[in-house]
Structure formats: C-alpha cells, structure tokens
There are 2 protein chains.
Amino acid sequence: MTNHRQAVKSQSAAPKGRSERILDVAEQLAQRRGFNGFSYADIAEELAVTKASLHYHFPSKADLGVRLIARYHEAFTGALAEIDATIDDEAAKLRRYVALYDQVIAQDRMCLCGMFAAEYATLPAPMQVELRAFFDANETWLASVLERGRKSDRLTVRMSPNAHARILVQVLEGAMLVARAYGDLDRFRSAADHALAELGVGVKAS
Amino acid sequence: MTNHRQAVKSQSAAPKGRSERILDVAEQLAQRRGFNGFSYADIAEELAVTKASLHYHFPSKADLGVRLIARYHEAFTGALAEIDATIDDEAAKLRRYVALYDQVIAQDRMCLCGMFAAEYATLPAPMQVELRAFFDANETWLASVLERGRKSDRLTVRMSPNAHARILVQVLEGAMLVARAYGDLDRFRSAADHALAELGVGVKAS
DNA sequence: GTCTATAGGTGGATAGAC
DNA sequence: GTCTATCCACCTATAGAC
C-alpha cells in the first residue's frame, strides 16, 4: 500500500520524474531520426530547459542511449509478460506481439532498436551490448511461443522455433523500415499478416 | 568500338573519374555508418585530398547523397538486366537477386537504401524521392519475375505478385539490418533461404 | 581541380553561480 | 536541479590563390 517511490511533495499518481520525461522526448526523437539524428539541443528545446540540465541527468549521450535501450527493453518485457498473463493461445499471443510493432509505426516511429541496428557501427560499445540483449530477449520469447504452439498443434512451425523466431524479428523490423519510407502503415501490416499466416495464424480468430 | 568517354590522356581501360572515386568512398561509409554518420572529412582523409576539393565535385552533401542513391540504383538496374539477359528460370533469377544482397552484407555493409530508409525523416527531400524510386524499381522487377514464375508454374506465388514483391524487399532489408548487428551473415542467409523456400525456390537446383 | 584559409554554425560536454 | 557562460571539436560550405 505504502508508496514512497521518491517524492513526498507530489500528490498526483505516478508523476514522472525528470529523467523519465527526458527519456520520453529522446525516445521519440531517436525512433524518428536515429541516434545520430538528434541532439541534446533538440531535447532541451522540447522540454524548455537548457542542455546543461540534461547533462546533469545523463552526463554523456552514451549514457542516455544506454538508458534509452534499457527502458525500451523493460517496457517490451513488461508487455510480453502481460501477454503471457492474459493469453493462452499461441496464435493470439503472436497477434498481440505484432500489435506491439503496429502501435509503434502507427505513431510514425521506427522500432527503437531497429533504428539503432542501422546505426550499429557508430554506437558506443555499451549501447551495442544493450541492443543485442533486446533482440535476444525477443527471439527467446518468440521461440518459446513457437515451440509451445507447435506442441499444441495450434501453430504450423516448419523449422526450428529458434530459427523461425529470428526470422520473425527480421521480417517485422524490415517491414517497419521500408513502410516508414512510404509513410504507409499497410505495407507493414501486409508483411506482418503474411508472416503470421505462414504460421497458421489468421488475421482475426484464433 | 570508339570509346572516348571523357579523357584522351588516360590510356588504361576505364580509369574511374575523380567523382566516381569520391562516390566509392562515400558509398562505403554511408552503407556502414549511415548518411548522418560520415562527413566530408572522412572522405577527404581516405582519398588524401581536402574537403574543399570534394565540394568542387559535390557542392552540398545533399548533392552527394542524391548521386549516391542514383548510382546505386543504376548499378542495381544493371545487375537486374544482367540477370534477365542470362537466366530464364524464375527461381534461378530470385536466387541471383538474393545473391546481390548477400554480396553487400558479406562486405559488412548494409544496403545503401535500407540504411537511408532508417534515416528517412532526416534526409533532404531530393534524397527521399530517389530512395523511393529505388524501392519501386526493385518491387517492379520482382513482381514481374513472380508473375512469370507463377504462369510458368516454376514458382509458388500465393498472393498477388506485387504484394509478395514488397514483402520480399522488406524481408531482405530486415534480415540485413538485424544480421549486421550480430555480424552474422548466416542470420541473413537463413532468412533469405526461408523467403525463397516459401516460393518453391530451393537452395541449390532450379 | 586542388589547395589554404576561414566563415558560421552546431555538436557534446564542463565549471561554477544560484 | 537548473541556470549562464564557455570550451573545443567538428560540421557543411565558401572565397580566392595556384
């Protein structure tokens, strides 16, 4: 019951901390313009603060980048846990998984980690490590869903769950990447639907 | 027979012009680091010239970027024409098409246009136009191969050739994107093989 | 065509007052 | 925690000599 997360003076529910606000803005910029496509000045302007105050929260841009990926990863993990907690059917789980990507592109954003993957060679090493951890976690979750779906005969998985999981991530990332250049959400959806159909997952029913 | 492409004084075959050399270096940098991840200084250092001399050939970076995409597009068009001129079988054509991507990632590069697609929102408008033209051309060529393959029963194309062509491009781009973050060529290959298998294209024989 | 020199701007980052 | 002020490296781009 007792919730003293950090502040006594704030009375409203879950008042986001300064750092979270900064991450929110940075995340949006990073997903739309890439890590090399935004600056502290961009964030500062949006939040109406100075660059110096941003450096107080995130001393270097590498720090900011690492936190960005870690938070994105945590949010994704949370969403996957939510799926696991509320859905049993594997086909439905996959539809929900794809819906996570759909929500991202619907906001005219690229997957944060897909974006960073493009810039991989220019990223600080700590960011590269976090980035792979994100993809690893996605592939692991998907592989386990595919495996259970196959055992229960609710999915048609023709290759190894692990290999197919990797392909799924690649398809979804690539679909977002190209769809965004056309500003065409449907390009993403038809690729995603196709990838699901291949596994015996229909668009609507289980 | 007569070949007076530009120079009288050069006796060796096809001596690349200064501009082409610049584009070669810029292309490599762009494919590895992205358009926002390299500078005139990087090119100048590699070619041991000054930045100012680069601006003589490409006044602005937007000019350079447009020429980069246009040349890449032309090279791709040439490769596709070569495929059409030497191969009849549609399955074999698709394998050759995938091999084009394979050669790119084998050099530790991302597809130039896949890379630029990630940075789309930050690109000068003329580059955005050229970028879409590249993808359009790819999709058109693929759609025609798929269509003929279906008519001749050499390919298994379950949806519209156009829709499937788009998906193919997305899969290949996404496969490169993620594979590069792992420095793992096989991640690209298994996704590509999977996409081909779905069309009834085996790994080796026709 | 390539150079030197430099303009004019923006990048990430720090010191120190408040 | 946020500010002002500033540093310095780097960026794209231009002027003008050779």
Side-chain angles (χ1 to χ4, degrees), chain A residues 5-10 15-30 32-69 115-116 119 121-128, chain B residues 5-10 15-27 29-30 32-69 116 119 121-128:
Chain A
R5 292 183 61 181
Q6 56 172 227
V8 181
K9 48 183 79 165
S10 58
K16 273 191 181 178
R18 239 338 182 205
S19 294
E20 295 300 312
R21 288 260 153 198
I22 294 167
L23 288 171
D24 288 343
V25 174
E27 184 179 79
Q28 180 182 133
L29 286 164
R32 292 191 176 147
R33 305 176 53 88
F35 191 69
N36 298 325
F38 77 94
S39 69
Y40 273 60
D42 296 323
I43 306 171
E45 185 180 28
E46 176 70 24
L47 292 175
V49 294
T50 60
K51 290 187 290 170
S53 97
L54 300 179
H55 279 283
Y56 169 80
H57 297 279
F58 303 95
S60 78
K61 202 181 176 189
D63 296 326
L64 175 62
V66 168
R67 278 298 308 146
L68 229 31
I69 302 174
M115 183 66 89
F116 287 178
E119 300 173 292
T122 73
L123 300 180
M127 286 182 65
Q128 296 179 332
Chain B
R5 291 184 61 182
Q6 56 173 225
V8 180
K9 48 183 78 164
S10 58
K16 273 192 181 178
R18 224 23 181 165
S19 294
E20 294 299 313
R21 288 258 151 205
I22 294 167
L23 287 171
D24 288 343
V25 174
E27 184 180 79
L29 287 164
R32 291 191 176 146
R33 306 176 52 86
F35 190 69
N36 297 326
F38 77 94
S39 71
Y40 274 60
D42 295 323
I43 307 170
E45 184 179 27
E46 176 71 25
L47 292 175
V49 294
T50 60
K51 291 184 287 173
S53 97
L54 301 179
H55 279 284
Y56 169 81
H57 297 279
F58 303 97
S60 78
K61 201 181 176 189
D63 295 327
L64 175 62
V66 168
R67 277 299 306 146
L68 229 32
I69 302 174
F116 286 178
E119 300 174 292
T122 72
L123 300 180
M127 286 182 66
Q128 296 179 331

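First the proteins, then the strands, lettered A, B, ... as listed; each starts at 1.
- The distance between atom NZ of Lys51(A) and atom P of dA5(D), rounded to the nearest whole Å, is 14 Å.
- Across the protein-nucleic acid pair, Leu47(A) atom CG and dC3(D) atom C1' stand 15 Å apart, rounded to whole Å.
- As rounded to whole Å, 12 Å separates atom C1' of dG12(C) from atom CZ of Phe38(A).
- Arg21(B) places its CZ atom 17 Å from the C1' atom of dT2(C), with the value rounded to the nearest Å.
- One atom, NE2 of His55(A), and another, P of dG1(D), lie 17 Å apart when rounded to the nearest Å.
- Between the CD atom of Glu45(B) and the P atom of dC10(D) there is a distance of 11 Å, given to the nearest Å.
- Rounded to whole Å, atom P of dT4(C) lies 18 Å from atom OH of Tyr56(B).
- Using a 4.0 Å heavy-atom cutoff across all strands shown, Phe58(A) reaches no nucleic acid atom at all.
- Heavy atoms of Thr50(A) sit under 4.0 angstrom from at least one base atom.
- Backbone-only contact: Tyr40(B) has heavy atoms under 4.0 Å from sugar-phosphate atoms and none from a base.
- Scanning both residues, Leu47(B) and Val25(B), for their nearest heavy atoms gives CD2-CG2, 3.7 Å.
- As rounded to whole Å, 16 Å separates atom P of dA13(C) from atom NE2 of His57(A).
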